[in-house]
Amino acid sequence: MSRVGQGWDIHRLVEGGPLRLAGVDVPFDRSLLGHSDADVVLHALADALLGAVAAGDIGTHFPDTDPSLRGADSAVLLRQVVALLQARGHSIENVDVTVLAERPKLGPHFDRMRRRLADLLGVAVERVSLKAKSTEGLGAVGRGDAIAALAVALVS
Ligand code: MG
């Protein structure tokens with residue numbers, strides 16, 4: 001049986017880089033603000049994976065009221081989600097992520113990001129898709145105040 005899950009996340013951009021996205025640091029003069037490291041790509045992916053197996057969401061597993069998670073490396077959280085799926089006998093078929101960002105240009109970093117995501121998910125890089133879109137200047141993302149991410153995951 002195959003199961004699909006979807007996730008999304010958004011975090012506010014604040015002064016001071018680098019920008020942590022998809023588990024890598026991107027040179028930029030702004031970074032994402034959150035209780036953890038606010039990596040929207042990893043958060044959206046974690047929610048997609050948890051959704052695929054109907055195991056709640058990132059907020060139930062890693063509540064932002066937990067002081068031990070302040071500034072947490074989201075890669076550690078995503079690895080825990082992957083371990084949860086593996087413990088239940090699931091394997092990840094593929095994931096597809098769209099990042100919504102006005103700046104910076106992310107294309108030059110995609111190879112590094114995909115390799116990092118594949119490593120965190122324990123799958124071949126060919127199973128990891130990453131895309132970026134601007135929002136044509138519209139809304140919080142378009143103003144450069146936030147970055148959002150959408151993810152789907154297929155799990156068997
Ligand atoms: Mg988040």
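Computed from a predicted model, the values in this text were never measured in an experiment. Read the numbers this way: they start at 1 and go in the same order the structure lists the ligands and their atoms.
The tally of protein N/O/S atoms under 2.8 Å from the Mg ion (ligand 1) stands at 3.
For N94, there are no side chain to side chain donor-acceptor pair (under 3.5 Å) partners at least two apart in sequence or on another chain. Evaluation of the side chain to side chain donor-acceptor pair (under 3.5 Å) rule for T98 yields K131 as partners, not counting sequence neighbours. Under the rule for a side chain to side chain contact (heavy atoms under 4.5 Å, CB included), the partners of R79 that lie at least two apart in sequence or sit in another chain are R116, D119, L120.
Remark: R103 CZ is loosely packed, at most 12 non-hydrogen atoms of other residues, nucleotides or ligands lying under 6.0 Å away.
For D25 and R20, the salt-bridge test passes: some basic side-chain N is under 4.0 Å from an acidic carboxylate O.
Under the 4.5 Å side-chain criterion, counting only non-hydrogen atoms from C-beta, I147 is not in contact with L100.
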